[in-house]
Every structure is written in structure tokens, then in C-alpha cells.
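Computed over heavy atoms, backbone and side chain alike; hydrogens, waters and symmetry mates excluded. Just so we're clear, the structure is a prediction, and the values are computed from it rather than from any experiment.
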Amino acid sequence: MERKISLKLLTLMVLNLNGLTYKEISRKTNFHMNTISRAISYLYNKDLIEIMPKKGNGGRGKKWINVVKLKEDLTESKNVVDFFDLLNKKLELID
């Protein structure tokens, strides 16, 4: 089953190369956390993003949060055409 990938989410990831938490993504896209979680899982399985644990500063002690960012090979694209070409290959959208 193919998932719909939001251009809004991918653009947000490109504009924030240091990564974002699920909560930051939700705030910037107005997507529900469940929608973000499904999209992130799909992108992770397609080897487009990496998920790194980071210590949060939660009110009830220290907790870990996930920071999501694009894989380095995508961010090192020389131009937009190369970026979308690699994206298409990884998502298996176009041969």
C-alpha cells in the first residue's frame, strides 16, 4: 500500500536540516500527531530520514524525545532536480 507523502512535510524537513521533533512538526504543519507518526514511519522505512533520540527537558524529570531529520545523502544533493530524482528512486514512484 502506498502512502501519500505530503510535500508540506518534505519541504519542512528540507528547511530544517538539524531536525525537528514530532511536536515541532505538528505545530508547523497543523497535522495530527498520528498522521505525523505514520508519515515518519513510512519515510524511515524508505530510508529517507533518520530518527535520533535526544534528551528532553520535560517537567517530570528527564525523558527522551525523537528528533527526525533527512538522511545526509538527500541533503547533499547538488540541486533540486538531483534531490527529487533521488527522492523518486527511494520512494519508487518513477523508474
Side-chain angles (χ1 to χ4, degrees):
M1 178 172 103
E2 280 189 41
R3 297 237 184 238
K4 292 181 182 177
I5 299 300
S6 169
L7 186 56
K8 188 176 187 179
L9 179 59
L10 287 171
T11 303
L12 183 64
M13 300 304 296
V14 169
L15 294 174
N16 294 278
L17 296 177
N18 291 327
L20 295 166
T21 65
Y22 285 42
K23 192 172 188 177
E24 291 169 329
I25 295 169
S26 178
R27 196 173 335 119
K28 292 179 183 216
T29 62
N30 291 322
F31 293 159
H32 191 274
M33 291 292 258
N34 291 340
T35 303
I36 294 166
S37 181
R38 281 191 303 273
I40 295 300
S41 293
Y42 178 77
L43 294 173
Y44 181 79
N45 289 332
K46 290 293 186 176
D47 201 32
L48 293 170
I49 61 168
E50 54 186 283
I51 302 172
M52 304 163 302
K54 173 184 154 189
K55 264 193 181 172
N57 53 358
R60 294 186 180 182
K62 297 177 183 174
K63 67 177 188 175
W64 291 89
I65 56 175
N66 288 326
V67 175
V68 179
K69 69 183 216 174
L70 286 176
K71 288 261 183 155
E72 201 169 307
D73 60 338
L74 283 171
T75 62
E76 291 178 345
S77 298
K78 294 177 183 154
N79 56 46
V80 175
V81 174
D82 289 346
F83 172 79
F84 280 105
D85 186 44
L86 184 57
L87 189 64
N88 281 332
K89 287 178 186 173
K90 288 194 175 215
L91 290 174
E92 301 168 356
L93 298 175
I94 302 171
D95 291 331

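- Qualifying side chain to side chain donor-acceptor pair (under 3.5 Å) partners for K28, counting only residues two or more places apart in sequence or in other chains: none.
- Put simply, the side chain of M52 does not reach to within 4.5 Å of the side chain of N66, judged on heavy atoms.
- The two residues K23 and M33 have their closest heavy-atom pair at N-CE, 4.0 Å.
- In this structure, N18 CG and L70 CG are separated by 11.5 Å, a value rounded to the nearest 0.5 Å.
- For D73, the side chain to side chain donor-acceptor pair (under 3.5 Å) test picks out K90, with sequence neighbours left out.
- Between the side chain of N79 and the main chain of V81, a donor-acceptor pair closer than 3.5 Å is present.
- The closest side-chain heavy-atom distance from S26 to F31 is not below 4.5 Å.
- Annotation: the span from K71 atom NZ to I49 atom CD1 amounts to 9.0 Å, rounded to 0.5 Å.
- Contact check for V67 versus I51: no side-chain heavy atoms found under the 4.5 Å cut-off.
- For the pair K78 and F83, the cation-pi test (distance below 6.0 Å, angle within 45°) is failed.
- Using a 4.5 Å cut-off on side-chain heavy atoms (C-beta onward), V68 and I36 make no contact.
- Both L20 and Y44 belong to a common hydrophobic cluster when Ile, Leu, Val, Met, Phe, Trp and Tyr are linked at side-chain heavy-atom distances under 4.5 angstrom.
- Atoms CG and CD1, from N16 and I25 in turn, are 8.5 Å apart once rounded to the nearest 0.5 Å.
- Nearest heavy-atom pair across H32 and N34 is ND1-N, 3.0 Å.
- Here the CG atom belonging to L86 is positioned 10.5 Å from the CD atom belonging to E76, to the nearest 0.5 angstrom.
- Between L91 and Y42, some side-chain heavy-atom pair lies under the 4.5 Å cut-off.
- N45 places a side-chain N or O within 3.5 Å of a backbone atom of S41 that can act as its donor or acceptor partner.
- Taken from CG in N30 to OG1 in T35, the straight-line distance is 11.5 Å, to the nearest 0.5 Å.
- Atom CG of L74 and atom CE of M13 lie 10.5 Å apart (nearest 0.5 Å).
- The backbone N or O of K63 sits nowhere less than 3.5 Å from a side-chain atom of K55 that would complete a donor-acceptor pair.
- Through direct or indirect side-chain contacts shorter than 4.5 Å among Ile, Leu, Val, Met, Phe, Trp and Tyr, I65 is connected to no other residue.
- V80 and L17 are assigned to two separate hydrophobic clusters, defined by single-linkage of ILVMFWY side chains at heavy-atom distances under 4.5 Å.
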